[in-house]
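Scroll down for the structure; my scribbles are underneath it.
The structure presented is a predicted model; accordingly, all values stated were derived computationally and were not measured. First the proteins, then the strands, lettered A, B, ... as listed; each starts at 1.
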Protein chains: 2
Amino acid sequence: MRPTLQDMASILNLSKSTVSRALAGDPRVAEVTRHRILTLAQQIGYRPNPVARGLATRRTNTIGLAVPCGPRSFSDPFYLEFLGAVGDTAMKYGYSLLLSTADSDGAGGYRSHMELADSARIDGMILTEPKVADERVRMLKEMDLPFVFLGVAQDPNVSWVSGDNRGGAAKAVTRLIELGHMRIACVTGPRDQTASGARFEGYCRALAEAGMSLDRNIVAAGDFTQAGGYIAMRSILEHEKDISAVFACNDVMAFGVMRALREAGLLIPNDVSVLGFDGIPLARYMDPPLATVRQPILELGTTVIEVLVEQMNGKSGCPIHRVLPVEFQPACSIAPPERASGSVSGAV
Amino acid sequence: MRPTLQDMASILNLSKSTVSRALAGDPRVAEVTRHRILTLAQQIGYRPNPVARGLATRRTNTIGLAVPCGPRSFSDPFYLEFLGAVGDTAMKYGYSLLLSTADSDGAGGYRSHMELADSARIDGMILTEPKVADERVRMLKEMDLPFVFLGVAQDPNVSWVSGDNRGGAAKAVTRLIELGHMRIACVTGPRDQTASGARFEGYCRALAEAGMSLDRNIVAAGDFTQAGGYIAMRSILEHEKDISAVFACNDVMAFGVMRALREAGLLIPNDVSVLGFDGIPLARYMDPPLATVRQPILELGTTVIEVLVEQMNGKSGCPIHRVLPVEFQPACSIAPPERASGSVSGAV
DNA sequence: ACGAATAATACAACCGGTTGCATTATTGAC
DNA sequence: GTCAATAATGCAACCGGTTGTATTATTCGT
């Protein structure tokens, strides 16, 4: 049986409260007493019971983390990196992570996330993939639980941390344009995610700044999965072969795009350049290595925790927004177009 | 303030215990009373406080999960899939997941894992990547906490769930041999992991059964990361160019191997065939798609939980071992060798 | 109609901590 | 030497549940 405060108190002929205070560093206990207590604690390996402490203090030192992975949803390695960073930083701040994976019921149901939030087991929560009108926001506010989104939340009263989606996309697409690409396709993320919109806007802005017009025929909606990128690319190729580059709004979709292009007999980057977004480590191991926009995944993870901690300790109820810079990461998947316009033989 | 048992009791002029028992389905409370209680609970949205319950029952309905990801270690998408499956199954059984990411101190320290295990916050623990003489086993046994490994643990008294590493590797390598490959290199995992040994043994067995001898010159130790696979492959290529196939002991190392081969100017599969292990979804998106041994990741996840639940409820203190079948997943990264022996021009 | 069996509920201790306040011991001032 | 201030510790309530046992109300047999 693991020793309790009471055990220590009995051994030392003290009261629970004194022992508790000694351990908590309360200046009211005499130095000599504290020393006896600490020595004994060390000796018998006393470790406070976090559950009991949680009940007494109503703080669990635990953070809820909602990650989009589950048997139904394809998993994006991005989130494993993120998870690692969050876990590490949380530990540094003395917090544990309680996980909520995606709902198995799918259907965009957030039941498991909300149950975790409302369970009185966590002090705060980290949410990912904010949606345009995210229903979770209302529910979380009602619960009066501090929370932070990874990704831009629409509601200005919500705290979030995000990479510079718009700016990063714009910069990278501009790079494609500078290389001479005139018709750049885009495979977007799911419409309801704010990140999709922002990256697409970056794409649009780059085109606009170059005086190019947006052509809806070479834009297709993906879903941030490999399979989605593959399908989206195929649908574009079906009726439109006159493109020289593709911007996929995340790396795993870019993998799908590359596969679709290969299957269509197109060479990367000779026939079509491909650009991703996220900068997951695997991007460098593609053939050819995928040019992408590197998000500072580690910093995103640490910042999310820092912001959340601030919110949890914070008297300041004011929301915090952090945009972290992203970086264009060039690689062999992009090159100048081989011909001025269109590269696919057989184009009209 | 969220309502408590006492609140409900006061409203209904009952005692805490009656309300508690009604909610727990104790047959001693009258049906009519139970109905009043359930109605009120529904109405005011009563939800029992898991922390208080945990203190009282000494069961937290939480499972600890140690996943190898963190800022120091490269992350294997395999574990994100696994995480999803585990999370989903855990939820079905009414358990939450408390995460322990890799230690940031590296050095193979398992401090954070052990702290979680010893924290009295979890009812059982899932550990990954068992090592040959895994120090965690001793510590966990001392703590008297049920636990299950993903992967074969050496100690026969420890429960584990694993894919058929040896059999799967043997079968797949045999397939390479049947295709006519005479010199098959192998990039192993870290020596201290049991999975590495088993997969390597499968490789050896396949060679032996075909009457081929093991050549240490074309075996290199990787570390289950892309970079490790890359480096290992390069070191093999340095002094040994007479190979026609490579078996990498997991998929992400295979990605590194493919990169190293490409950089050496070798075509896959024309010059060298590549075989992986794990069957992560990304394997199909490589160029060429990577042949691999598909582990039933979902089933591994669900089985791990099932076994752990059995251990936690279990009167039977006897360990449970489950080997799940794996499946060779052919793909274009393997093909018959173009020449009888060796494919690299310039070989002696 | 009475005692025993049974059904329904209440009481109180407990899980292992934290914390406001009371109590005791020590010290210093005058 | 007395009293107030101060230091050190103890008491007891509390967090929100669970659970063993006591208590009260009802039913039944005879």
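Around the CG atom of D144(B), the shell of radius 6.0 Å holds no more than 12 heavy atoms that belong to other residues, nucleotides or ligands. The neighbour count for E142(B) CD, taken as heavy atoms of other residues, nucleotides or ligands under 6.0 Å away, is above 12.
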Sort me out a list of protein N/O and nucleotides 6-10 of chain C N/O pairs below 3.5 Å, or just none if empty.
residue: dT9(C); atom: OP1; partner: T33(B); partner atom: OG1; Å: 2.5
residue: dT9(C); atom: OP2; partner: A30(B); partner atom: N; Å: 3.0
residue: dT9(C); atom: OP2; partner: T33(B); partner atom: OG1; Å: 3.0
residue: dA10(C); atom: OP1; partner: N13(B); partner atom: O; Å: 3.2
residue: dA10(C); atom: OP2; partner: S15(B); partner atom: N; Å: 2.8
residue: dA10(C); atom: OP2; partner: S15(B); partner atom: OG; Å: 3.3
residue: dA10(C); atom: OP2; partner: T18(B); partner atom: OG1; Å: 3.1
residue: dA10(C); atom: N6; partner: R21(B); partner atom: NH1; Å: 3.0

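Applying the side-chain contact (heavy atoms from CB on, under 4.5 Å) test between I305(A) and each of L300(A), I126(A), D88(A) identifies I126(A) as the sole match.
Two residues are said to be in side-chain contact when any heavy atoms from C-beta on lie closer than 4.5 Å; M312(B) and Y93(B) fail this criterion. By the 4.5 Å heavy-atom criterion applied to side chains, I37(A) and V29(A) are not counted as neighbours.
S20(B) comes within 4.0 angstrom of a nucleotide base, judged by non-hydrogen atoms across all strands.
You can see that DNA chain D meets the heavy atoms of chain B within a 4.0 Å-exclusive cut from dG16(D) to dT21(D), reading 5' to 3'.
Counting only distance, with no hydrogens or angles, the side chain of T194(B) and the backbone of V152(B) share a donor-acceptor pair below 3.5 Å.
Looking at which nucleotide of DNA chain C each of A24(A) and T57(B) is closest to, the 5′-most match is held by T57(B).
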Would F147(B) and I63(B) satisfy side chain to side chain contact (heavy atoms under 4.5 Å, CB included), going step by step from the backbone distance to the final call?
CA-CA 9 Å; F147(B) 63 99; I63(B) 290 171; over 6 Å; no
Side-chain atoms of residues 11-18 of chain A: list all donor-acceptor pairs with protein atoms under 3.5 Å, sequence neighbours left out, distances to 0.1 Å.
residue: S15(A); atom: OG; partner: S17(A); partner atom: OG; Å: 3.0
residue: S15(A); atom: OG; partner: T18(A); partner atom: N; Å: 3.4
residue: S15(A); atom: OG; partner: T18(A); partner atom: OG1; Å: 3.2

